[in-house]
Amino acid sequence: MTKKEQMIQMLETFVMMDSGSYDKSGVDRLGSLLINTYRSIGYEETVYKQDVYGDHILLRQKTNSQESSILLLAHMDTVFPAGTAISRPFTIDGDYAHGPGVADMKGSHVTTFFALRELYETHPDLLRHIDVLLTSDEEIGAVSARPYIEQHAQGKKAVLVMEPARKDGSVVTFRRGGGRYTMKVEGIAAHSGNDPEKGASAIEELAHKIIALHRLSDQEAGIHVNVGVIKGGTSVNTVADYAEADIDIRISTIEQASELEHVIHDIAKENYVSQTKTTVEGGITRPPMVRTEETIQLYHLVKACGAQLGIEVKETASGGGSDASYTSALGVPTIDGMGPIGGGFHSVEEFLFVPSLEERSNLLVNVMKHLLTRDAVFG
């Protein structure tokens with residue numbers, strides 16, 4: 001069986017294993033398979049047990065008795081619920097593979113393993129400098145994984161995040177940060193026909209606040225505020241005594257986080273409808289991944305390593321979040337999007353460009369070899 005055939009076979013196996021963020025048993029089944037796969041190239045596991053979400057897994061070489069230099073970061077969860085793999089199974093159409101999570105990020109697990117397997121066969125001494133952290137809840141904000149990500153990224157020479165590359169093969173050097181808030185308004189119920197003056201509409205109050213919230217968006221500054229879900233009221237002929245809104249914010253600098261949060265709380269305090277009361281819950285869930293000088297230097301290394309293989313590696317920014325934000329916030333040089341090329345993430349249109357499996361695996365090998373066989377230039 002050729003290397004390409006082996007990679008496709010592994011990809012199909014992974015895709016056909018449901019591992020939605022809220023499907024703990026599915027994520028843990030995939031984790032067990034990955035543990036056994038990595039054992040074949042000398043890695044042993046430390047499993048961080050979780051009660052609600054899937055277990056997180058740290059993989060290190062058995063012979064490693066010192067701190068490693070590189071952390072490869074990958075998540076096992078997808079956005080798709082249990083049963084999706086059966087209803088929409090893995091398929092290949094020419095150069096494109098399809099299926100739930102095929103690019104984000106089952107394909108990345110394939111390229112990561114094969115890159116490390118090549119080093120195991122050609123430069124086994126280098127593997128003791130490379131750790132792999134597999135997390136289970138990236139798609140819902142790393143609610144349980146964040147402490148482990150920060151613990152194992154601290155002090156690393158580089159973190160390579162194995163999210164899929166963009167359609168043109170670009171890696172990600174900047175991501176906006178984000179936060180989630182819930183604004184809750186309490187009013188007074190009353191019959192809207194008989195005695196509406198006795199009521200205080202929570203919905204009316206919230207409507208004023210939604211307009212104020214949306215005015216906080218500033219495209220030039222890289223700030224976006226979106227009220228995506230609202231609910232409230234009991235019946236059409238009753239003045240609503242309760243309403244709430246779920247708010248998503250995106251920021252480009254960490255300084256914007258505290259400023260925006262302060263303004264959101266000020267909007268909550270502002271009263272448009274008398275006798276209503278508003279409270280706010282939530283906060284920043286991911287800091288921005290900032291394009292620091294160290295990250296730029298790391299990107300230039302990745303670009304040069306790609307050029308050696310005849311691969312043009314561009315850089316791009318993303319409005320979405322990933323675990324790269326946590327490692328970047330620690331000041332550790334971080335490159336995201338080191339996985340294979342794909343698109344249509346989180347949808348039925350998701351695809352993976354099959355030839356990129358070998359290509360991106362070779363790129364990862366080249367980058368790790370250069371990082372580990374020359375003096376650090378970062379920091």
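Predicted, not measured: the structure shown is a model, and the values here were computed from it. When a residue number appears, it is its place in the shown sequence, counting from 1.
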Note to self: Is there a ring pair (Phe, Tyr, Trp, His ring centres under 6.0 Å) between Tyr272 and His208? Walk through the geometry before answering.
What the structure shows: CA-CA 7 Å; Tyr272 300 90; His208 286 285; 4.7 Å; yes
Check: Can you list the steps and then say if His109 with Tyr38 is a ring pair (Phe, Tyr, Trp, His ring centres under 6.0 Å)?
Finding: CA-CA 11 Å; His109 289 291; Tyr38 276 92; 8.3 Å; no
Item checked: Steps toward side chain to side chain contact (heavy atoms under 4.5 Å, CB included) verdict (Ile247, Arg180) -> CA-CA 6 Å; Ile247 309 159; Arg180 297 286 173 87; over 6 Å; no
Check: Given Thr135 and Leu73, is the side chain to side chain contact (heavy atoms under 4.5 Å, CB included) satisfied, shown in steps?
Finding: CA-CA 8 Å; Thr135 65; Leu73 185 55; 4.2 Å; yes
Note to self: salt bridge (Lys or Arg N to Asp or Glu O under 4.0 Å), that's the test. Do Glu315 and Arg291 meet it? Break it down for me.
What the structure shows: CA-CA 11 Å; Glu315 63 173 319; Arg291 189 176 180 271; 2.8 Å; yes
Next item on the list: Report the C-alpha separation of Met76 and Leu34 in whole Å, then their side-chain angles, then the decisive distance to 0.1 Å, and conclude whether the side chain to side chain contact (heavy atoms under 4.5 Å, CB included) test is met.
Entry: CA-CA 10 Å; Met76 298 176 287; Leu34 286 165; 4.0 Å; yes
Next item on the list: Could you check Val367 against Met338 for side chain to side chain contact (heavy atoms under 4.5 Å, CB included), going step by step and ending with a plain yes or no?
Entry: CA-CA 10 Å; Val367 169; Met338 288 294 295; 4.2 Å; yes
Next item on the list: Test side chain to side chain donor-acceptor pair (under 3.5 Å) on Thr295 and Thr292 and set out the steps.
Entry: CA-CA 5 Å; Thr295 291; Thr292 64; 3.2 Å; yes
Checklist line | side chain to side chain donor-acceptor pair (under 3.5 Å) assessment of Gln6 paired with Arg117 | finding: CA-CA 12 Å; Gln6 292 176 36; Arg117 191 182 76 172; 3.0 Å; yes
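A donor-acceptor distance shorter than 3.5 angstrom exists from the side chain of Ser252 to the backbone of Gly222, with no hydrogens or angles considered. Between the side chain of Lys209 and the backbone N or O of Glu270 there is at least one donor-acceptor pair closer than 3.5 Å. Of the possible polar contacts, none joining the Ser328 side chain to the Thr334 backbone as a donor-acceptor pair under 3.5 Å is found. The backbone N or O of Ser136 lies less than 3.5 Å from a partner atom in the side chain of His56, making a donor-acceptor pair. The closest donor-acceptor contact from the side chain of Glu350 to the backbone of Ala103 lies under 3.5 Å. Between the side chain of Thr327 and the main chain of Val332, no donor-acceptor pair closer than 3.5 Å is present. Remark: the backbone N or O of Thr276 is paired with a side-chain donor or acceptor of Asn271 at under 3.5 angstrom. Side-chain atoms of Thr37 come within 3.5 Å of backbone atoms of Leu33 as a donor-acceptor pair (strictly under, hydrogens ignored). Side chain of Tyr120 to main chain of Ala115: no donor-acceptor pair is present (N/O by atom type, distance under 3.5 Å, no hydrogens or angles). A donor-acceptor pair under 3.5 Å is absent between the side-chain atoms of Ser356 and the main chain of Glu359, judged by distance alone.
Considering all non-hydrogen atoms of both residues, Ser19 and Leu30 come closest at OG-CD2, 3.9 Å. Ala202 and Val185 get closest at one heavy-atom pair: CB-O, 3.5 Å. Nearest heavy-atom pair, Leu330 versus Ala153, reported as atom, atom and distance to 0.1 Å: CD1-CB, 4.1 Å. Heavy atoms only, all atoms of each residue included: Ser108 and Thr112 are closest at O-OG1, 2.7 Å. The shortest heavy-atom contact between Asp323 and Ala142 is OD1-CB, 3.5 Å. Closest non-hydrogen pair, Ile223 versus Leu260, comes out as CG2-CD2, 3.9 Å.
Salt bridge Lys24/Asp51: absent, no basic N to carboxylate O contact under 4.0 Å. Salt bridge annotation for Glu45-Arg60: absent, with no cationic side-chain nitrogen under 4.0 angstrom from a carboxylate oxygen. Under 4.0 Å is where a charged nitrogen must lie from a carboxylate oxygen, and between Lys231 and Glu244 at least one such pair does. Looking at Glu44 and Arg39, no side-chain N of the basic residue comes within less than 4.0 Å of a carboxylate O on the acidic one, giving no salt bridge.
Crowding of Lys3 atom NZ: a count of heavy atoms from other residues, nucleotides or ligands under 6.0 Å exceeding 12. For CD of Glu197, the number of neighbouring non-hydrogen atoms (other residues, nucleotides, ligands) closer than 6.0 Å is greater than 12.
Using modelled atom types and a 3.5 Å distance limit, the side chains of Thr84 and Asp18 yield no donor-acceptor pair. At a cut-off of 3.5 Å, with distance as the only test, a side-chain donor of Ser25 or Asp23 sits close to an acceptor on the other residue. Using modelled atom types and a 3.5 Å distance limit, the side chains of Thr238 and Ser235 yield a donor-acceptor pair. A donor and an acceptor atom, one from each side chain of His75 and Asp104, are located under 3.5 Å apart. Inspection of the Arg146 and Gln151 side chains reveals no N or O donor paired with an N or O acceptor under 3.5 Å. Side-chain contact, Thr173 with Asp336: no donor N or O sits under 3.5 Å from an acceptor N or O. For the 3.5 Å distance criterion, the side chains of Asp137 and Ser21 fail to qualify, holding no donor opposite an acceptor. With hydrogens and angles left out, the side-chain atoms of His346 and Glu139 include a donor and acceptor closer than 3.5 Å. Of the N and O atoms on the side chains of Ser322 and Arg175, at least one donor lies less than 3.5 Å from an acceptor on the other residue.
For Ser170, the side-chain hydrogen bond (donor to acceptor under 3.5 Å, both in side chains) test picks out Asp168, with sequence neighbours left out.
Relative ring orientation between His265 and Tyr181 is described as perpendicular, the plane-to-plane angle rising above 60° on a 0-90° scale split at 30° and 60°. Taking the six-membered ring where tryptophan is involved, the planes of Tyr96 and Phe351 are perpendicular, since the angle between them exceeds 60° and thus also 30°.
Proximity of Met368 to Ile130: side-chain heavy atoms (C-beta onward) are separated by under 4.5 Å at one or more points. Contact of the Lys106 side chain with the Leu11 side chain is registered, since non-hydrogen atoms from C-beta on lie closer than 4.5 Å. Using a 4.5 Å cut-off on side-chain heavy atoms (C-beta onward), Ile210 and Met183 make no contact. Contact annotation: the side chain of Arg88 approaches that of Pro100 to within less than 4.5 Å [non-hydrogen atoms, C-beta and beyond]. Under the 4.5 Å side-chain criterion, counting only non-hydrogen atoms from C-beta, Ile335 is in contact with Tyr299. Looking only at side-chain heavy atoms (C-beta outward), Phe90 and His98 stay at 4.5 Å or farther from each other. With a 4.5 Å cut-off on side-chain heavy atoms, Met16 and Pro89 count as touching.
Hydrophobic clustering, with ILVMFWY side chains joined whenever heavy atoms are under 4.5 angstrom apart, groups Leu126 together with Leu363. Hydrophobic cluster membership is shared by Ile249 and Ile230, with clusters built from Ile, Leu, Val, Met, Phe, Trp and Tyr side chains linked at under 4.5 angstrom. Clustering ILVMFWY residues whenever any of their side-chain heavy atoms sit less than 4.5 angstrom apart, transitively, puts Phe174 in a cluster other than the one holding Leu301. If you chain together hydrophobic residues whose side chains sit under 4.5 Å apart, Val172 and Val290 never meet in one group. If you chain together hydrophobic residues whose side chains sit under 4.5 Å apart, Val79 and Met105 never meet in one group.
Cluster note: Ile188 groups with no other residue, as no ILVMFWY side-chain heavy atom lies under 4.5 Å from it.
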